[in-house]
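Here's the structure, in structure tokens; my notes come after.
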Amino acid sequence: MEYQDMDLSPEVMQAVERMGFVHPTEIQEKAIPVMMEGREIIAKAPTGTGKTCAFGIPIVEKVDPASPELQALVLCPTRELCTQITDDLRNLAHFKPELKIVSVYGGDPINKQIAALKGKPQVVVATPGRLLDHMQRRTLNLNKTRIAVLDEADEMLDMGFFKDVRKILDRLPKDKQMVMFSATISREVMDIGWLYQMDPVELTVLPVEESKPKITQYCLQTTGRQKLRDLCNLLTKLDYRRVLIFCNTKYATQSLCGQLQDRGIPAECLHGDMLQGARNKIMAKFKAGEIDVLIATDVAARGIDVTGVDAVFNFEMPQDNTSYLHRIGRTGRAQREGASYLFYGPDEKSRLYNLVHYTRSVVQPIEMNEEGLPVPVDIDPFR
């Protein structure tokens, strides 16, 4: 199936071509026709498979730009993802200039958002907490909302937004069309589907070779000062132009960033306590290729949707298994190949085993040779 087989309007077809898309991804092939029919959806798909356009194209097609009512709502877990979705929707609506799309999220001045909402947008992209704030202030009205989308539903509900999401969904019209897109179908996702959807179509994009990111995974046992030296060698001696490094805390991201800068490696960090303006500036520079090395926490990185990330480094072992999948899913996007490196200490072997077993990953053990280059080793890292 091609985009021209989906009975899309000339304006959306032009926008898709302008965005450089040639063939729809698997999740787009499956979801767009179903959503255009008005059916509800629970879709499970790996990260980086084009989920935003899978719901974004039907939203742009189905919303009436001539109406001043809020007709479509997209909920997502983080402000970074909120701005990313908003940018994508605006690109899809490029040839429908009368269609207004507004994002509302925490960390951004609420008065600026209130002014934007007074412009009567037809589409709002929001994080749950800030949307509830606007609902309490009565600065938006959900009574006419016909489409509701939960993006990264598993992440959003796992982050403690279950009650907030329910409060929002309870205020929407009963006859709305609700769709959920998620990397995993958790218990909370299933509960929301059972409570708020009517006969949803279940769609699954399996992580087969055609659709899963092409990521070569490595693990390296290292600790102490050697760990930093190994990271610096990998960053300076391999031909990676853009990399993401993950740490577990804001302190660790700041500390590692300073240590890399002291060694002549230009790096920036991103964490949840930064002001929104600073976060937006760093993200814009990273997307534009002006930052080669970005160090982030899991929460701060959930909204990062950047093609061209060559490698992901797990400088600290992820605190849960699904976080590992979300981390490495930031590379190997858009049919490109990527690499991931997982650092672990001698006392973390059982954690490594659990992670590899749970995610069903194929991870190649490596060691660093005398030249500071990685070489594969035929060892069992769990012994």
Side-chain angles (χ1 to χ4, degrees), residues 213-249 251-270 286 289-298 301 306 308-319 321 323-325 327-333 336-357 359-383:
K214 296 176 175 60
I215 306 167
T216 305
Q217 302 175 54
Y218 303 100
C219 65
L220 173 66
Q221 181 175 314
T222 183
T223 189
R225 294 181 180 177
Q226 185 60 43
K227 188 176 181 181
L228 180 61
R229 286 195 290 268
D230 289 337
L231 175 63
C232 290
N233 280 328
L234 290 168
L235 291 176
T236 57
K237 297 187 177 183
L238 299 181
D239 190 25
Y240 296 137
R241 296 186 178 182
R242 187 183 300 174
V243 304
L244 262 172
I245 303 175
F246 283 94
C247 297
N248 292 333
T249 66
Y251 173 79
T253 63
Q254 293 170 321
S255 175
L256 180 59
C257 185
Q259 292 178 80
L260 292 181
Q261 290 173 349
D262 290 343
R263 286 158 178 78
I265 298 175
E268 297 287 348
C269 65
L270 196 68
F286 188 61
E290 299 173 14
I291 296 175
D292 297 329
V293 179
L294 180 62
I295 309 165
T297 57
D298 290 307
V306 180
V309 175
D310 298 317
V312 168
F313 290 85
N314 296 273
F315 190 72
E316 292 184 317
M317 184 80 72
Q319 295 176 323
N321 297 326
S323 290
Y324 177 71
L325 294 178
R327 286 181 178 188
I328 69 172
R330 303 303 165 188
T331 187
R333 294 191 168 206
R336 300 178 60 160
E337 295 185 5
S340 73
Y341 295 85
L342 177 62
F343 291 3
Y344 68 98
D347 58 344
E348 293 178 310
K349 290 183 178 180
S350 61
R351 175 76 188 94
L352 175 65
Y353 174 81
N354 178 269
L355 184 150
V356 171
H357 177 74
T359 61
R360 300 180 181 179
S361 297
V362 177
V363 181
Q364 170 64 56
I366 58 173
E367 63 183 13
M368 307 298 284
N369 64 17
E370 293 181 358
E371 288 76 35
L373 292 170
V375 293
V377 291
D378 187 18
I379 62 172
D380 183 353
F382 311 122
R383 295 185 64 182

Contacts of type side-chain hydrogen bond (donor to acceptor under 3.5 Å, both in side chains), residue [X], not counting sequence neighbours:
X      : result
Glu367 : none
Thr236 : none
Tyr218 : none
Arg327 : Asn248, Asp298, Asn314

Which is it for Cys247 and Ile295 under the side chain to side chain contact (heavy atoms under 4.5 Å, CB included) test, yes or no, and what are the steps along the way?
CA-CA 7 Å; Cys247 297; Ile295 309 165; 4.0 Å; yes

Quick one: are [X] and [Y] in side-chain contact, heavy atoms under 4.5 Å?
X      : Y      : result
Leu325 : Pro318 : no
Met368 : Thr222 : no
Leu231 : Leu256 : yes
Leu235 : Phe313 : yes
Val356 : Cys219 : no

If you measure from [atom1] on [X] to [atom2] on [Y], what distance do you get to the nearest 0.5 Å?
X      : Y      : atom1 : atom2 : result
Asp292 : Glu268 : CG    : CD    : 10.5 Å
Gln226 : Asn233 : CD    : CG    : 8.0 Å
Leu342 : Ile328 : CG    : CD1   : 9.5 Å
Ser340 : Gln217 : OG    : CD    : 4.5 Å
Ile215 : Glu337 : CD1   : CD    : 10.5 Å
Phe315 : Asp230 : CZ    : CG    : 9.0 Å

Write down the atom of [X], the atom of [Y], and the distance for their closest heavy-atom approach.
X      : Y      : answer
Ile366 : Leu220 : O-CD1, 3.3 Å
Pro376 : Gln364 : CB-NE2, 3.7 Å
Gly345 : Gln221 : C-CG, 4.4 Å

Within 45° of the six-membered ring axis of Tyr344 and under 6.0 Å from that ring's centre, is NZ or CZ of Lys349 located there?
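No.
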
Test log, rule side chain to side chain contact (heavy atoms under 4.5 Å, CB included), inputs Leu260 and Leu228
CA-CA 8 Å; Leu260 292 181; Leu228 180 61; 4.1 Å; yes

Residue pair Leu355, Met317: steps toward the side chain to side chain contact (heavy atoms under 4.5 Å, CB included) verdict
CA-CA 10 Å; Leu355 184 150; Met317 184 80 72; 4.3 Å; yes

Per-pair distances, 0.1 Å, donor-acceptor, side chain in residues 239-246, under 3.5 Å, sequence neighbours excluded:
| residue | atom | partner | partner atom | Å |
| --- | --- | --- | --- | --- |
| Tyr240 | OH | Tyr341 | OH | 2.7 |
| Arg242 | NH1 | Thr307 | O | 3.1 |

My understanding is that only residues two or more places apart in sequence, or in another chain, count here; which of them pass side chain to side chain contact (heavy atoms under 4.5 Å, CB included) with Glu370?
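Not a single residue meets the side chain to side chain contact (heavy atoms under 4.5 Å, CB included) criterion with Glu370.
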
Donor-acceptor under 3.5 Å (Glu316 side chain, Phe343 main chain)
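No; judged by distance alone, with no hydrogens or angles, the pair does not exist.
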
Just by distance, do the side chain of Thr331 and the backbone of Val309 share a donor-acceptor pair under 3.5 Å?
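Side chain of Thr331 to backbone of Val309, a donor-acceptor pair under 3.5 Å: yes, one is there.
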
